2 protein chains.
Amino acid sequence: MRPTLQDMASILNLSKSTVSRALAGDPRVAEATRSRVVALAERIGYRPNPIAQGLATRRTNIIGLAVPCAPRSLSDPFYLEFLGAAGDTAMRCGYSLLLSAADGDGADGYHPHMELAHSARIDGMILTEPKIADERIEILRKMDLPFVFLGMAEDPDVSWVSGENTGGAAEAVAHLIDLGHKKIACVTGPADQTASETRFKGYREALAEAGIPLDLNIVASGDFTQIGGYQAMKSILRHDSNISAVFASNDVMAFGVMRALREAGLVIPDDVSVLGFDGIPLTQYVDPPLATVRQPISQLGSTIVEVLVEQMNGKSLCPIHRVLNVEYRPAGSVAPPCRESGEASSRAHGGI
Amino acid sequence: MRPTLQDMASILNLSKSTVSRALAGDPRVAEATRSRVVALAERIGYRPNPIAQGLATRRTNIIGLAVPCAPRSLSDPFYLEFLGAAGDTAMRCGYSLLLSAADGDGADGYHPHMELAHSARIDGMILTEPKIADERIEILRKMDLPFVFLGMAEDPDVSWVSGENTGGAAEAVAHLIDLGHKKIACVTGPADQTASETRFKGYREALAEAGIPLDLNIVASGDFTQIGGYQAMKSILRHDSNISAVFASNDVMAFGVMRALREAGLVIPDDVSVLGFDGIPLTQYVDPPLATVRQPISQLGSTIVEVLVEQMNGKSLCPIHRVLNVEYRPAGSVAPPCRESGEASSRAHGGI
DNA sequence: ACGAATAATGCAACCGGTTGCACTAATTAG
DNA sequence: CTAATTAGTGCAACCGGTTGCATTATTCGT
């Protein structure tokens with residue numbers, strides 16, 4: 001049986017309280033006593049039971065992490081890297097990550113992640129994929145559990161950490177325009193997520209800046225998965241195959257886009273340039289390497305934990321918003337439009 | 001304040017014990033009483049405090065998950081998918097996943113994951129990347145915490161779940177041989193991991209079967225990361241660029257291998273065929289698509305949780321070993337050797 | 001030298017559940 | 001009709017810590 005505080009107390013002829021205080025570094029216990037306690041703890045390998053501590057202090061030192069729901073789920077490398085960094089930082093701050101992986105996207109009013117929130121097992125929560133009008137906010141607020149979103153939330157009173165979506169997207173799309181592209185398709189994320197909206201906004205701004213009218217025929221929405229990107233691209237090609245570039249709202253969808261283009265007989269970047277968003281490591285390994293807007297993924301993970309910890313400790317009353325810089329990274333998947341748009345080659349494969 | 005058991009008891013003029021039993025479905029409480037209790041719980045939104053339950057029952061309904069340590073960390077999509085499935089199944093079994101992300105690989109005798117194990121916060125543990133002589137086994141056994149490895153462990157008394165590494169690798173490499181390849185390089189994982197060993201064994205078996213002698217000059221070990229695969233391939237090419245195929249022990253390293261080959265001016269699969277292992281989704285999206293041995297990743301995740309749950313409940317005394325079938329999946333990255341091995345093209349770039 | 005301030009420790013009540021055992025009332029057997 | 005069951009509930013002791021307050025032993029000021 002693992003030793004308890006009481007065991008220690010008995011051995012040392014002290015009371016539980018004194019032992020507890022000695023271990024906690026309470027200045028009221030004599031230095032001599034403390035060292036005896038610490039020495040014994042060391043010797044018999046005493047470690048406080050976090051469950052008991054949790055019950056007494058009402059703090060668990062656990063952070064809940066709501067991972068994205070299906071279909072995106074955890075299949076996006078972006079989240080792995082994010083999760084790794086978050087876990088690392090959490091540990092450094094003395095917390096562990098408890099994850100809530102669950103099906104159901106709350107469309108039915110039932111939010112699986114809220115189960116975790118209600119459990120009284122966590123001190124705070126990290127949420128991903130904020131929706132435009134996210135019902136979870138109200139629920140969380142009611143039980144005053146500190147929480148932080150990964151991605152911008154509309155409600156000004158909630159804390160969040162996000163990459164510079166709009167600016168990053170605008171910069172990248174502007175680069176396409178500078179190269180001479182005029183007909184740039186866009187594969188967005190689900191309409192109800194703020195990340196989709198903000199990146200799409202960057203796309204629109206860049207077009208507007210250049211005086212190019214927005215053409216909704218070459219805009220389609222995916223679900224941030226490869227399949228989703230693939231299907232969205234297919235659908236765009238069905239309407240109008242005369243495009244010279246595509247901006248996908250995340251890298252994973254861009255991979256799907258590349259596949260769809262190839263199946264249509266188009267060569268990247270000769271016929272069509274492709275641009276992603278996120279900067280996951282694999283963008284450098286596909287052929288051609290995918291131009292993308294690199295988010296500081298690990299830093300997003302660390303920062304979000306730090307912000308949450310701040311909220312939990314400081315009882316910081318005001319919400320914290322942190323925007324991290326992103327960096328446009330050109331690569332082989334982007335090139336100037338060669339022929340007068342893809343007309344020729346698209347016609348060559350028109351029979352498909 | 002959230003309602004407690006005592007609150008419920010006071011309202012209903014019952015004792016805590018009766019309320020507790022009613023909620024737990026103890027047959028000793030009268031049906032009428034039970035429904036009153038349940039109705040009230042429903043009405044005021046009572047939910048038992050899992051921390052208190054944990055203290056009383058010594059069960060937390062939490063499974064610890066030791067994610068791979070740096071450098072591999074969580075950057076491998078394989079783990080994301082695995083994690084998603086494990087989390088899902090855990091939830092279905094009434095458990096949550098607590099993850100231990102930590103640096104340090106135990107080389108210094110300090111195993112970060114064991115911190116979690118010692119914490120008394122978890123009922124069981126899932127471990128990844130078993131080492132050939134894994135010190136963690138002894139530690140875990142001492143505190144008799146149920147645990148299961150993802151990947152074969154040598155000790156016959158520990159439970160594990162794994163894909164059919166040796167057979168899968170052998171089948172895939174045999175396919176290369178059937179196509180006419182004779183000089184097949186191998187990029188293995190870290191030497192101290194069983195997964196590396198078992199896959200490498202499959203490679204050796206296939207060679208032996210075909211009467212091809214093992215040439216250690218074209219074998220190098222990586223660390224299961226892209227960079228690692230890239231460097232390993234570089235180093236092989238420095239020794240001997242006259243190979244016609246490469247087997248990488250996982251897909252992520254295979255991506256690094258592909259990059260190294262390209263930088264050496266070699267075309268895949270014309271000059272060199274490349275073969276991976278794991279079957280992560282991205283293999284289908286790179287160009288050319290990567291031939292690989294598909295592991296049932298999600299199923300590995302579910303199965304490992306199920307096995308662990310079994311161990312935790314049934315107190316199943318005997319260890320459980322489960323091997324899941326893998327499936328060789330040919331793809332564009334593999335083709336018959338065209339020219340008499342890559343001699344020509346390698347010479348063309350000999351100056352590098 | 002004596003009362004007051006200070007230092008060190010102990011007592012006991014929590015935190016919110018679970019559970020063995022005792023207890024009362026109602027039912028059944030003989 | 002009484003004794004033995006059985007059904008339904010309550011008491012109180014846990015689980016292993018934390019913490020406000022009381023208590024005792026020291027040291028200090030004057």
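Here the structure is a predicted model, which means the values were calculated and not measured. Letters A, B, ... are given to chains in the order of the sequence lines, protein chains preceding strands, and every chain is numbered from 1.
- Both A:T57 and B:A52 lie close to DNA chain D; mapped to their nearest nucleotides by heavy-atom distance, the more 5′-ward contact belongs to B:A52.
- Residue pairs meeting the side chain to side chain donor-acceptor pair (under 3.5 Å) criterion with at least one partner in residues 17-27 of chain B, sequence neighbours excluded, are B:S15-B:S17, B:S15-B:T18, B:D26-B:R28.
- Residue contacts shown for B:N13 are limited to sugar-phosphate atoms, with no base heavy atom under 4.0 Å away.
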From CA spacing to verdict: side chain to side chain contact (heavy atoms under 4.5 Å, CB included), B:V305, B:R92: CA-CA 10 Å; B:V305 169; B:R92 232 186 299 289; over 6 Å; no
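- Here A:R136 pairs with A:H111, A:H113, A:M114, A:L127, A:D134, A:F149 under the side-chain contact (heavy atoms from CB on, under 4.5 Å) rule; sequence neighbours left out.
- Looking at residues two or more places apart in sequence or on another chain, you find no side chain to side chain donor-acceptor pair (under 3.5 Å) involving B:R121.
- Note that the two end axes of the helix from C:dA1-D:dT30 to C:dG30-D:dC1 enclose an angle of 40°, each drawn from 5 base pairs, rounded to 10 degrees.
- Residue-level contact check: A:S17 touches the bases, meaning some heavy atom is under 4.0 Å from a base atom.
- Remark: A:Q299 engages A:P296, A:T303, A:L324 in a side-chain contact (heavy atoms from CB on, under 4.5 Å) (not counting sequence neighbours).
- Place A:T18 and A:L55 on DNA chain D by their nearest nucleotides, and A:L55 ends up nearer the 5' end.
- With sequence neighbours left out, the side-chain contact (heavy atoms from CB on, under 4.5 Å) criterion links A:L55 to B:I51, B:A52, B:L55.
- Here chain A contacts DNA chain C (any atom closer than 4.0 Å to a heavy atom, that is under 4.0 Å), and the contacts span C:dA8 to C:dG16 from 5' to 3'.
- Residues that satisfy the side chain to side chain donor-acceptor pair (under 3.5 Å) test with A:N61, not counting sequence neighbours, are absent from this structure.
- Within the structure, the side chain to side chain donor-acceptor pair (under 3.5 Å) test picks out the following pairs touching residues 147-159 of chain A (sequence neighbours left out): A:R141-A:D155, A:S159-A:Q311.
- Using a 4.0 Å heavy-atom distance criterion, B:L14 is classed as a sugar-phosphate-only contact.
- Residues that satisfy the ring-ring contact (aromatic ring centres under 6.0 Å, His included) test with B:H321, not counting sequence neighbours, are B:W160.
- Below 30°, between 30° and 60°, or above 60°: for A:Y79 and A:F82 the angle between ring planes is above 60°, a perpendicular geometry.
- Residue pairs meeting the side chain to side chain donor-acceptor pair (under 3.5 Å) criterion with at least one partner in residues 35-57 of chain B, sequence neighbours excluded, are A:E115-B:R47.
- In the region residues 19-45 of chain B, proximity to DNA chain C at under 4.0 angstrom, judged on heavy atoms, holds for B:S20, B:R21, B:R28.
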